[in-house]
Amino acid sequence: MNSDPFDFSDVGPAPKATPPAQQAPWLSGLNPAQREAVERLDGPVLVLAGAGTGKTRVLTTRIAHMIATGKAHPGEVLAVTFTNKAAREMRERVERLLGRPAAGMALGTFHSISARWLREHAELVGLKSSFTILDTDDQIRLLKQLIKAADIDEKRWPARMLAGLIDRWKNKALTPDRVPQGEGFNFADGRGLELYAQYQARLKVLNACDFGDLLLHMITIFQHHGDILTRYQNRYRRLLVDEYQDTNVAQYLWLRLLAQRPDDQPRNICCVGDDDQSIYGWRGAEVGNILRFESDFPGAHIVRLEQNYRSTGHILGAASSLIAANSGRLGKTLWTDAGSGDKITICGVWDALEEARTVGDRVEALQRSGHSLAEMAVLVRAGFQTREFEERMITLGIPYRVVGGPRFYERAEIRDALAYLRVLVQPDDDLAFERILNVPKRGLGPAAMQAINRLARLEDIPMSRAAAMLTDSEELRPQARRSLALFLEDFRRWREDLDHLDHPTLTEQILEDSGYIEMWQKDKSPDAEGRLDNLREMVSAMRDFDTLPGFLEHISLVMENQEASGVEKLSIMTLHAAKGLEFDTVFLPGWEEGVFPNQRAIDEGGLESLEEERRLAYVGLTRAKKRAIILFAANRQIFGQWQSSLPSRFIEDLDAKHVDTLNAQGLYSGQEGSMASGAWGGFQAMTPNRPVGRVGHAPAIVMRAEGTAHNPIGAVAAPSASANQGATSPSKAGWSAAACRKPKPPALPKETGCFTTNSAMARSCQWMATSWWSCLNIPEKNA
DNA sequence: AACGGAGACCTTTTT
DNA sequence: GGTCTCCGTT
């Protein structure tokens with residue numbers, strides 16, 4: 001919150017004298033490895049911390065230790081995490097250990113810390129301190145404009161693609177002048193770089209930057225202004241980095257610059273990470289950073305944390321056997337002295353509907369036997385998979401929350417409201433201006449927008465100024481001109497109010513005066529009420545901030561879905577979002593080829609991304625303390641098309657001695673009647689509640705393949721179609737769907753499914769014979 | 001200018 | 001199946 005990084009006024013009294021180390025209460029209960037990681041304060045340290053080995057504890061205790069013993073002043077500590085949640089948690093734990101606030105400590109994400117610093121030095125990169133942080137949405141809109149202006153076909157070269165390209169460059173700390181000519185990236189026949197440069201120039205005019213710029217600008221400043229770098233180096237003598245395996249090149253450079261010390265002084269940098277949990281390669285993370293640590297920081301000490309305190313033996317064993325299939329690991333051997341516990345469960349189901357039903361039933365059963373919903377989680381590969389579970393939980397009345405779902409500030413109404421505020425504090429913000437010019441509708445459509453844009457470009461001025469000029473000209477139709485004048489007049493008035501109204505009140509007034517509230521009140525779609533609620537929530541959240549700019553900064557970096565009630569809820573989230581969390585029970589649905597591992601990862605990234613998928617699976621399994629249930633469905637709808645699917649290869653990686661196949665009771669039940677006939681025997685034979693002996697008849701599958709059967713898959717589609725009828729509309733975006741939803745005839749199988757395509761068929765049959773069998777053939781336990 | 005229907009995309013994962 | 005964009009109609 002404090003914007004001056006060199007302001008020591010809030011750091012409190014100097015720490016007390018050093019107590020004898022052996023009496024330090026915070027050290028008790030640490031195992032020897034943990035203790036070393038905490039106490040070795042001088043020189044570079046790399047802590048290789050396996051899943052559940054007390055990584056956060058080590059990190060927080062280390063900070064508390066150095067402060068409490070007087071080895072470091074809180075103001076010298078710079079601790080970086082990847083998520084705001086991790087940062088928050090870490091601060092809380094440090095302060096709990098210390099028994100007092102650790103004021104002055106820089107603890108936050110790479111991005112939030114950079115943003116704070118950049119506000120100090122914005123002018124050095126051509127920005128004003130009041131710069132706006134654009135989110136992806138703004139970024140795309142801006143790029144779209146540039147692409148259009150460059151006369152490039154938007155269809156062939158979508159803005160998203162360019163955004164991804166620029167992002168990758170920024171992740172590698174490549175400013176436009178540094179992108180190598182031969183860089184293999186192609187966009188619009190080699191015009192990508194040109195557009196990148198234009199984009200950066202445009203950002204400067206808008207007084208804005210994107211996420212990547214936050215780091216990149218700081219790196220540029222550090223590299224060009226040695227005096228500033230030295231100030232930061234001298235201030236932050238204690239660097240700590242969480243999740244080091246996830247750092248990208250830019251973050252790595254950022255850290256290296258800060259960790260640089262004169263030769264006679266130790267580089268007190270402590271990085272904590274786990275190469276087996278590196279799951280952000282797609283976003284530019286370089287596992288190489290962690291693998292290279294020793295050579296980067298000569299004299300580095302490496303501490304391995306291998307005792308796992310989280311999971312029971314079978315879970316750990318299964319996870320270890322899975323990750324062992326990867327190559328190029330630093331290698332750790334996790335162990336636990338907790339009991340072996342339950343084996344992990346693998347459960348095959350017919351389709352996604354049954355998958356959700358199975359999970360729901362299990363959740364209810366656990367709940368009945370006294371388990372808390374807060375200790376259960378459903379972890380999916382990709383965001384879209386959450387829907388089936390949401391719908392099921394709604395039907396069952398099980399409270400749930402989708403963690404890391406659409407962010408609060410990404411909702412349209414919040415973005416609209418924010419756009420008003422952005423224009424208010426920074427009239428140059430064209431993106432915000434454009435967004436609200438005709439929201440709510442005030443007769444300023446495309447024609448007016450175009451006129452403003454043309455003039456703005458011609459005169460090289462912000463749109464708000466161009467708009468003001470247009471109210472004095474004959475260019476717009478009288479009606480539009482009047483409307484525009486009123487719009488600008490509103491802003492003039494609101495700016496006057498800035499001085500004598502507190503910002504939540506002013507915001508309310510703006511939303512009221514502008515007709516924005518009214519717009520939603522008149523809206524008859526079912527979620528209009530929710531949007532008004534969100535706006536109210538936003539206004540009340542503003543009260544926590546002293547200033548409007550402070551709030552805007554916060555919301556663009558941090559704002560998350562806030563948990564209103566204290567009701568215990570089942571967590572549903574992606575595997576990525578689950579990193580760092582733990583639950584007694586973890587459900588892992590969708591373990592099918594194409595879903596997990598993800599098809600794109602298989603197609604594009606080669607072995608490397610396949611291994612990343614496997615690490616993701618490893619992360620998923622190791623979230624479980626006591627129970628892990630893996631599910632896979634034989635059929636799944638993808639893009640509205642039914643596809644047959646095969647169990648994930650990761651299932652096969654699991655050491656059988658840690659695995660149980662589900663008590664197959666009720667597997668496919670309820671649908672059996674409709675599916676009993678036809679050429680469908682092969683699949684049916686595989687239901688584990690059939691005699692195991694029949695399972696092995698591979699020919700049955702071939703039969704099915706040749707059966708060109710509309711029958712079997714028609715039967716699949718039926719239940720799902722009827723489910724659509726009854727399903728409560730999901731929380732988001734359900735408006736028109738709810739109204740026009742009608743029963744549809746069962747979808748026909750897609751001809752290119754793996755049973756009709758030659759190569760796919762061959763492959764699938766092989767899979768059937770090997771992997772699917774082997775996992776279902778495991779002797780059943782408890783019938 | 002506003003609305004509604006048809007058609008093309010689409011799905012990783014996120015600060 | 002969903003969402004977004006374009007284009008036609010009022």
Side-chain angles (χ1 to χ4, degrees), chain A residues 80-87 108-115 133-136 139-140 144 154-155 158 160 164 167 170-171 210-215 243 246-248 250-251 278-285 352 379-388 391 404-407 410 438 440-449 477 479-480 483 556-560 573-579 590 594-605 609 612-613 615-616 619-620 636-642 717 720-721 723-724 727 729-730 732-737 740-741 744 747:
Chain A
V80 215
T81 63
F82 275 85
T83 65
N84 293 296
K85 205 166 90 191
T109 63
F110 280 101
H111 293 88
S112 68
I113 289 174
S114 296
I133 301 167
L134 299 187
D135 61 26
T136 323
Q139 208 182 337
I140 301 274
K144 220 174 247 177
E154 278 180 80
K155 288 273 155 60
R160 298 201 142 277
D167 221 46
K170 289 189 174 174
N171 284 339
D210 62 23
F211 276 117
D213 282 339
L214 293 173
L215 281 134
E243 309 281 14
D246 287 335
T247 50
N248 61 33
Q251 287 153 343
S278 159
I279 54 175
Y280 284 104
W282 53 273
R283 168 174 107 174
L379 309 183
V380 296
R381 174 64 183 85
F384 68 87
Q385 291 171 268
T386 60
R387 181 183 286 125
E388 55 173 293
E391 288 182 353
R407 257 159 253 287
E410 278 171 3
N438 202 28
K441 305 265 191 279
R442 49 172 74 87
L444 298 170
M449 177 80 78
R477 305 226 314 268
Q479 216 179 344
S483 180
S556 59
L557 285 171
V558 180
M559 196 72 169
E560 291 149 12
M573 69 186 100
T574 64
L575 288 159
H576 284 88
K579 191 158 81 154
V595 176
F596 191 31
N598 177 283
Q599 191 61 46
R600 285 254 284 254
I602 300 171
D603 293 344
E604 289 167 19
S609 63
E612 180 154 313
E613 295 283 301
R615 290 195 289 269
L616 200 49
V619 166
R636 192 175 291 275
Q637 227 179 357
I638 297 169
F639 310 142
Q641 295 281 1
W642 281 100
S720 185
N724 272 346
S729 86
K732 52 186 173 183
W735 44 97
S736 58
C740 48
R741 184 174 281 144
K744 289 199 179 130

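Source: prediction; values computed, not measured. The figures here come from the full heavy-atom set of this structure, side chains too, leaving out hydrogens, waters and symmetry mates. Sequence lines set the chain letters: A, B, ... in the order given, protein chains first and strands last, and positions in each chain run from 1.
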Grab the [atom1]-[atom2] distance between [X] and [N] for me, whole Å please.
X: Arg160(A); N: dT14(B); atom1: CZ; atom2: C1'; value: 13 Å
X: Lys441(A); N: dC3(B); atom1: NZ; atom2: C1'; value: 10 Å
X: Phe82(A); N: dT13(B); atom1: CZ; atom2: C1'; value: 14 Å
X: Glu243(A); N: dT15(B); atom1: CD; atom2: P; value: 13 Å
X: Asp603(A); N: dT11(B); atom1: CG; atom2: C1'; value: 13 Å
X: Phe384(A); N: dT11(B); atom1: CZ; atom2: P; value: 10 Å
X: Ile638(A); N: dG2(C); atom1: CD1; atom2: P; value: 16 Å
X: Arg387(A); N: dG2(C); atom1: CZ; atom2: P; value: 6 Å

**Message:** Is it the case that the side chains of Gln139(A) and Asp135(A) hold a donor-acceptor pair, with the cut-off being a distance below 3.5 Å and no angle test?
**Reply:** no
**Message:** Using atom C1' in both nucleotides, what's the gap between dT11(B) and dC6(C) to the nearest angstrom?
**Reply:** 23 Å
**Request:** Give one of base, sugar-phosphate or nothing for Gly212(A), where a contact means two heavy atoms less than 4.0 Å apart.
**Result:** nothing
**Prompt:** How would you label the contact of Lys144(A) with the nucleic acid (heavy atoms, under 4.0 Å): base, sugar-phosphate, or nothing?
**Reply:** sugar-phosphate
Gap separating the [atom1] atom of [X] from the [atom2] atom of [Y], nearest 0.5 angstrom:
X: Leu616(A); Y: Ser609(A); atom1: CG; atom2: OG; result: 11.5 Å
X: Tyr280(A); Y: Glu612(A); atom1: OH; atom2: CD; result: 10.0 Å
X: Gln251(A); Y: Asn171(A); atom1: CD; atom2: CG; result: 7.5 Å

**Message:** Measuring from the side chain of Asn438(A) (C-beta onward, heavy atoms only), which nucleotide among dT13(B), dT15(B), dA2(B) has the closest atom?
**Reply:** dA2(B)
**Centroid distance under 5.5 Å and plane angle under 30°, Tyr280(A) vs dT14(B)** = no
**Prompt:** Does Thr574(A) put a side-chain nitrogen or oxygen below 4.0 Å from OP1 or OP2 of dT14(B)?
**Reply:** yes
**Message:** Less than 4.0 angstrom from a charged side-chain N to a carboxylate O is my criterion; do Asp246(A) and Arg283(A) meet it?
**Reply:** no
**Toward the 5' end of DNA chain B, by each residue's nearest nucleotide, Ser609(A) or Asp167(A)** = Ser609(A)
